[in-house]
Amino acid sequence: MSTVTPYLVLSAVLFAIGCTGVLIRRNAIVVFMCVELMLNAGNLALVAFSRLHGNLDGQITAFFVMVVAAAEVVIGLAIIMTIFRTRRSASVDEANALRW
Amino acid sequence: MVTLVIALPLAGAVILLIGGGLTDRWGPYLATLLPVVSFVLAVVLFAHNLGQPDSGRSHTTHLYTWIDAGRLHVGADLLYDQLSSLFLLLITGVGSLIHVYSLGYMAHDPRRRRFFAFLNLFVAAMLTLVLAANYLVLFLGWEGVGLASYLLIGFWQHKPSAAAAAKKAFVMNRVGDMGLSLAIALCFTTFGSTAFSAVNHGIATGSVSEERMTWLGLLLLLGACGKSAQVPLQAWLLDAMEGPTPVSALIHAATMVTAGVYLMVRSHAILDAAPGARTAVVVVAVVTLLWGAIIGCAKDDIKKVLAGSTMSQIGYMMLAAGLGPAGYAFAIFHLLTHGFFKANMFLGAGSVMHAMDDDVDMRHYGALRTAMPVTFLTFAMGYLAIIGFPGFSGFWSKDKIIDAAWHEHWWIGALALLGAGITAFYMTRLMLLTFFGPRRWDLDGARSPAWHPHESPSVMTGPLVALAALSVLGGVLLIGSWIQDYLAPLVGSPPQESSGAPAWLISVLAVVVVAIGVVIAWLLVGRRPVPATAPAKVAWPVTVARHDLYGDAINDVFVVEPGRRLTDAVVQIDKYGVDGLLTGGPVAVGAFAGVFRQLQNGYVRSYALSVLGGGLVVVLALMVVNWQ
């Protein structure tokens, strides 16, 4: 068993938790947090593999992910705010106007 | 000059139809004048032709090349020969008289200009038919006659019955036309031409199999059956009585129904070469002559009795045509005399209807001989002619046909004799019901002022007198066997001496049979009071005859109903098969979309699940592919 295995297991567990949260929670903020959790699970895996292979590519990619995640948080929270203002609710199931 | 004979009535029709209301006032007179001029031309042509030797009596006029395509060369050619010359005289002569009569008969019809235009068209089409030098030009006239008859039978188009009768005549004629057009096509493939001369020449050189000739003859017979109202295409003729009476006279005497007989005689070479087809002609003719006569016995409508009688008389002509060279000349002879006396009687019937307020039920007539002496006397001439009273025209012509039939085979002659007896019966019945007995009109005196049936104006009685004279004197054509000799170069001469019963015996026999028919009519109709409405309880033969021997029912069962089923089936196939093939694609796509658009439900979380599922599938696929 490699030294990075616990990290990868943790990463998989975090990703699964995030995934489940996205799928079953209705509150947009919680969904958002779960998305962040999945991103960070990915980051953890990247860093772990970076360590395993002994180069920095994975760590740099993790930085990129953090930057993108930060930008995404800004836009995402703004959207959630707007939806809340118009509908007085932050439930993702309420915002289902884009349908057939 | 021959062209002019056709062109004049045609011009009349064109002027009256295009001129519209401008010609309302003088149009009918112009339309009457033009056939008269045509008649004069026809007489001049005929007189000129008589002066020629036999070999010089046939002239072909080439107008222009009509069709020139590949091997098919058809010229718009007119053929004036002995046969056409006689038809020309009949059509323009009787046609003119009917035009004159119509001036009086249709005087108060608001659409009489149109009526006269159609009459002219009818005459022009019939003239084209008999002057054609090849089958294609003949077909042009043939169809023109069909069109004109449709327009005229349905002339009172506001009456649904008239409109239906016109359609019926048109559709039944189409069945016959199919036979004729197939015959023309067969003619072309067989002889490489549709000209009569080429056909006669082709047969004379004897290179054509008898089987093919038989087919040709049968197809021509089918065409003739349609136009001449022979069984099994006879049903339209009785309904055609819905047209104005002059139209009936025109259809039955001068034009239309005679076209079938003309076609048979004109195609004599084909019939001569096909004994099988000739037998078929004889069978059809004998059936028809009895069929029409039986119908005539049971009708109370004066025009329908005459229509049944026409069917029967045309049967005689077809019979003569089916007998080969022994009968062709007599077919034409009977056609001419029948044209005279039938036009006479139809116009007489019109005159009676005119006096009786357009009532056609003979049970409401009676005792009209004193009220309408001219109509009565002229009608009586026609009556004596049609039953074959010795000396009158019908006697000579019918006698010759029965004689020829007897020599063909005794039972054909016997059936023709029987037909003559039935003819005598129903015509006597018509005479008794119409002109004799006590009066049966206006019995309750409900009409005020009191009803006085009056004689028709002289514009109507004039033609009646002329036709009556012709009915009496038509037999002169037979003097010195003139008509046989005149037509002999064309259709061959009848055998001079034939075995079997002597001619005088046949004549005596015919007169006896006719006398029996007259006596029976007198016993059954003349002696008894006539009920004003037809008795409902009658013997079954009368019921059958009243229903036209169930001709319509037979058509319904064997043609109309299967045809309707077939069209229904075709409609279903079209709707669900052909249309289904075309619309099936879009419908399937629509159904597919209907199912899959359910995925677009607007719930973000379900989209996320789809993404997850998709991701899992990709990962699993990669794992499977890279499985070591």
Practice problem: Spell out the residues in residues 60-86 of chain A that have some non-hydrogen atom less than 4.5 Å away from a non-hydrogen atom of chain B, in order of number; otherwise answer 'none'. | Solution: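 Against chain B, none of the residues of residues 60-86 of chain A fall inside the cut-off of heavy atoms under 4.5 Å.
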Self-check item: Spatial distance of atom CG (B:L616) from atom SG (A:C19) [nearest 0.5 Å]
Solution: 7.5 Å
Practice problem: Measure the CZ-CZ distance between B:R605 and A:R25 for me, rounded to the nearest 0.5 Å. | Solution: 10.5 Å
Quiz prompt | Taking every non-hydrogen atom, the tightest pair across A:V22 and B:A608 | solution = CG1-CB, 4.0 Å
Self-check item: Heavy-atom contact with chain A under 4.5 Å, split by part of B:Y607
Solution: side chain
Quiz item: Which bit of B:L612 comes within less than 4.5 Å of chain A, counting heavy atoms only: side chain, backbone, both or neither?
Solution: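 Contact with chain A involves the side chain of B:L612 alone.
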Exercise. Between chain B and each of A:V92, A:V31, A:I24, A:N96, count heavy-atom pairs under 4.5 Å; write down the option with the most.
Key: A:N96
Answer yes or no: does atom [atom1] of [X] have more than 12 heavy-atom neighbours from other residues, nucleotides or ligands under 6.0 Å?
X      : atom1 : answer
B:F170 : CZ    : yes
B:Y576 : OH    : no
B:R174 : CZ    : yes

